[in-house]
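See structure below.
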Amino acid sequence: MLRTSSYTIYVDLPNNQEKMLLVHGYTGAYDNVSQRVATYLRSLEVKCPPKPLYGDWSPELPIDGDVIPPSTETIELLIKRGYLTEMTLEEEQEFFTKMAIKLHHLASRLMPSYIFMPTYSCNLRCPYCFQDHMRTNPIFKHLLRTMQPEIVDRIFAAMPQIEAGHGVTEEMDLPRNITFFGGEPLLAESRPIVEYIINKTLSLGKASFSAVTNGTELEAYQDILGKDKISNLQITLDGPPSEHDKRRIYADGSGSFEKIAHNITKALDLGVQISIRMNIDRNNIHELPELADEIIARGWNSYQNFSTYTAPITTSELNNNTSIKTTFNSWELDKALDGMHQQYPQMEIITRPDDGLMDRARQIFEQKENPLPNFKASFCGAHNKMYIFDAFGDIYACWEKTGDQKIRIGYINEENEVVLNEELNQTWRNRTVISNPVCRKCRYAFYCGGGCAALAMSHKGKFHTNYCDGFANRFRSSAAEAYKDYVDRIEVSFKPEKLCTD
């Protein structure tokens, strides 16, 4: 019996009561259809999607108007694109499960990504930091050591064992991707060990290097910043100087903006790709227009190697300085920034959390790119191939869950062997869209990946649960906006391809 696929997504198009965008959750199809076709598909829905365990999905619009079956040709096309199926609910879910297993396996059979944490120490005392306790509570003082060369040597000696587990052999000659994280990874005092790691990596073959840094001591790294060494930096600015210097402060309470800004300009001149992250809550969002003015005044936006992005500040179980009342989820932040972009033209240089989603949709519409390579069976690298090494040789899966041996997935022993805690390792590596029943039935699953595990644990106290973060709204809004841009750009020259329009 023919029914509508449980993984069909309906996207309302702005200011268009005649048409609707259909998206399919596992075939990757995107199609512009008439409301009549959309109504027909909705009438063949067997049951409502499951209620998410965290947050809410916005309800689909009710069926509006008479249900009139489309032509046989259109029905055949709807079947081909995946919107109609003869599979039962159980059969389709089994098909989806097999596809997720395959996607997860493929994502795991790649060169691992390596995160080096030279130290948990940091020279700033940002009140919302999830690692704040490490620097302010004497109980954790033992963590604030710097990685030593013998630990680095152990890690590199163990890499072939790690890579073999992902099907990577030396003969493949694949480049390695090394990211420095902390604490603050680019403290001046950490320069020797950072350079040691870089040189050790390059002695083994091709590699790229990046760092998540506060940018305060980059002058100590000036000669190893650039295309062949550390070529990509993420640096945080939480507003214009007056606001940033209340949040990203030194231990003595003084601000850091001018020092960071000076180093950003230097790094841009050296050709380093700079991504400015802005951590946003309800107390500093109104400062963004002034920060945009500051960026423009300093000329950073004229560099091709400069970009920005916003991220909502979240609460942490280890830091009580952030009230949930002051926070946004990603969808709320998107909507707030939309309004600010309309009010303040200079804000166009500050991107929203979901601009990446919209860009991927634009590529599908404009360049006819295959959406399947962007499907993900899990949320991030913590669930397939990311390895985080700290100064003790301990291994973690997620950089937000470090500094506690009880949650490490393993360590490098003195014989240069990887010793894994298989229970914890498999817990992290097997969190996918099929490891909880809500995601397994969700039409957005392959676009979302199940949400952040760290935030799921923080908000719900459960690892194998979803963290939706308003994703349904975010996805539909991004797809609709991208399609509108696509139509507006090309309608003068030729009409966009339209499917199932009768």
Side-chain angles (χ1 to χ4, degrees), residues 117-137 144 179-190 210-221 225 232-268 272 274-295 297-298 300 306-316 318-323 326-328 333 337 349-351 353 399-400 402-403:
M117 301 180 75
T119 181
Y120 287 107
S121 186
C122 184
N123 57 340
L124 298 187
R125 297 293 182 269
C126 308
Y128 55 75
C129 180
F130 68 92
Q131 294 178 338
D132 184 62
H133 63 287
M134 295 183 184
R135 272 82 71 176
T136 58
N137 189 333
L144 307 182
T179 299
F180 295 102
F181 188 74
E184 169 48 44
L186 301 187
L187 292 172
E189 65 192 48
S190 298
S210 59
V212 178
T213 174
N214 61 33
T216 57
E217 299 189 2
L218 289 183
E219 67 277 3
Y221 293 83
L225 294 178
N232 196 309
L233 297 175
Q234 177 189 293
I235 300 173
T236 299
L237 293 175
D238 281 351
S242 59
E243 181 65 24
H244 174 97
D245 285 346
K246 296 175 187 175
R247 293 169 173 249
R248 300 188 68 78
I249 55 176
Y250 289 99
D252 64 2
S254 60
S256 59
F257 188 95
E258 281 304 324
K259 185 70 179 294
I260 295 169
H262 176 74
N263 285 334
I264 288 172
T265 301
K266 275 191 171 182
L268 287 169
V272 177
I274 299 292
S275 176
I276 298 298
R277 173 183 171 116
M278 290 154 279
N279 295 317
I280 304 302
D281 61 19
R282 296 180 188 276
N283 295 325
N284 73 337
I285 189 170
H286 61 282
E287 304 282 356
L288 286 177
E290 188 178 340
L291 177 57
D293 289 336
E294 185 78 26
I295 290 170
R298 292 178 183 268
W300 295 338
F306 176 83
S307 62
T308 68
Y309 80 100
T310 49
I313 291 174
T314 59
T315 56
S316 168
L318 295 174
N319 185 332
N320 297 319
N321 293 330
T322 300
S323 167
T326 67
T327 64
F328 292 101
L333 181 55
L337 291 174
I349 65 173
I350 294 178
T351 62
W399 57 23
E400 294 205 16
T402 56

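Looking at residues two or more places apart in sequence or on another chain, you find no side-chain hydrogen bond (donor to acceptor under 3.5 Å, both in side chains) involving Asn284. Applying the salt bridge (Lys or Arg N to Asp or Glu O under 4.0 Å) rule to Arg247 yields the partners Glu243, Asp281; only residues at least two apart in sequence or on another chain are considered. In terms of the side-chain contact (heavy atoms from CB on, under 4.5 Å) criterion, residue partners of Ser275 (sequence neighbours excluded) are, by chain and number, Ser307, Tyr309. For Asn232, the side-chain contact (heavy atoms from CB on, under 4.5 Å) partners are Ser210, Gln273, not counting sequence neighbours. Here Glu258 pairs with Arg298 under the salt bridge (Lys or Arg N to Asp or Glu O under 4.0 Å) rule; sequence neighbours left out. Trp300 meets the side-chain hydrogen bond (donor to acceptor under 3.5 Å, both in side chains) test with Thr265; sequence neighbours excluded. Partners of Phe328 according to the ring pair (Phe, Tyr, Trp, His ring centres under 6.0 Å) rule, which considers only residues two or more places apart in sequence or in another chain, do not exist here. Checked against side-chain hydrogen bond (donor to acceptor under 3.5 Å, both in side chains), Thr213 has the following partners two or more places apart in sequence or in another chain: Glu184. Every residue meeting the side-chain contact (heavy atoms from CB on, under 4.5 Å) condition with Glu217, not counting sequence neighbours, appears here in chain and number order: Asn123, Leu187, Ala188, Glu219. Residues satisfying the salt bridge (Lys or Arg N to Asp or Glu O under 4.0 Å) criterion with Glu189, sequence neighbours excluded, are absent altogether. Applying the side-chain hydrogen bond (donor to acceptor under 3.5 Å, both in side chains) test to Asp252 and every residue at least two apart in sequence or in another chain returns Ser254. Residues meeting the side-chain contact (heavy atoms from CB on, under 4.5 Å) test with Thr308, sequence neighbours left out: Ile276, Met278, Ile295, Phe306, Ile350, Thr351.
Nearest heavy-atom pair across Glu400 and Phe130 is CA-CE1, 3.6 Å. Among all heavy-atom pairs drawn from Ala211 and Leu186, the shortest one is CB-CD1, 3.9 Å. Contact record, Ile349 with Ala292: CD1-O, 3.7 Å, taken as the closest heavy-atom pair. When every heavy atom of Arg125 is checked against every heavy atom of Ala251, the shortest pair comes out as CG-CA, 3.8 Å. The shortest non-hydrogen separation linking Leu333 to Ala311 is CD2-C, 3.9 Å. Across every non-hydrogen atom of Phe180 and Pro118, the tightest pair is CD2-CG, 4.2 Å.
Distance alone, capped at 3.5 Å, is enough to place a donor-acceptor pair between the Tyr120 side chain and the Gly403 backbone. The backbone N or O of Thr327 lies less than 3.5 Å from a partner atom in the side chain of Arg282, making a donor-acceptor pair. Looking only at distances, no side-chain donor or acceptor of His244 sits under 3.5 Å from a matching main-chain atom of Gly239. Here the side chain of Gln131 pairs a donor or acceptor atom with the backbone of Gly182 at under 3.5 angstrom. Judged by distance alone, with hydrogens and angles left aside, the side-chain atoms of Asp238 form a donor-acceptor pair with the main-chain N or O of Asn279 at under 3.5 Å.
Atom CD of Glu287 and atom CG of Leu237 lie 13.0 Å apart (nearest 0.5 Å). Remark: Leu288 CG to Glu290 CD distance equals 10.5 Å, nearest 0.5 Å. One finds the CD atom of Gln234 at 8.5 Å from the CZ atom of Phe181 (value rounded to the nearest 0.5 Å).
In this structure, Pro312 and Ile280 have side chains that are not in contact, with every pair of non-hydrogen atoms separated by 4.5 Å or more.
Of the residues listed (Asn263, Val212, Ile264, Leu218), the one engaging Leu233 in a side-chain contact (heavy atoms from CB on, under 4.5 Å) is Leu218, and it is the only one.
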Are Ile285 and Thr310 close enough, and set up right, to give a side-chain contact (heavy atoms from CB on, under 4.5 Å), and what steps lead you there?
-> CA-CA 10 Å; Ile285 189 170; Thr310 49; over 6 Å; no
Please report the C-alpha distance between Asn214 and Ser256 in whole Å, then the side-chain angles of each, then the deciding distance to 0.1 Å, and finally whether the side-chain contact (heavy atoms from CB on, under 4.5 Å) criterion is met.
-> CA-CA 9 Å; Asn214 61 33; Ser256 59; over 6 Å; no
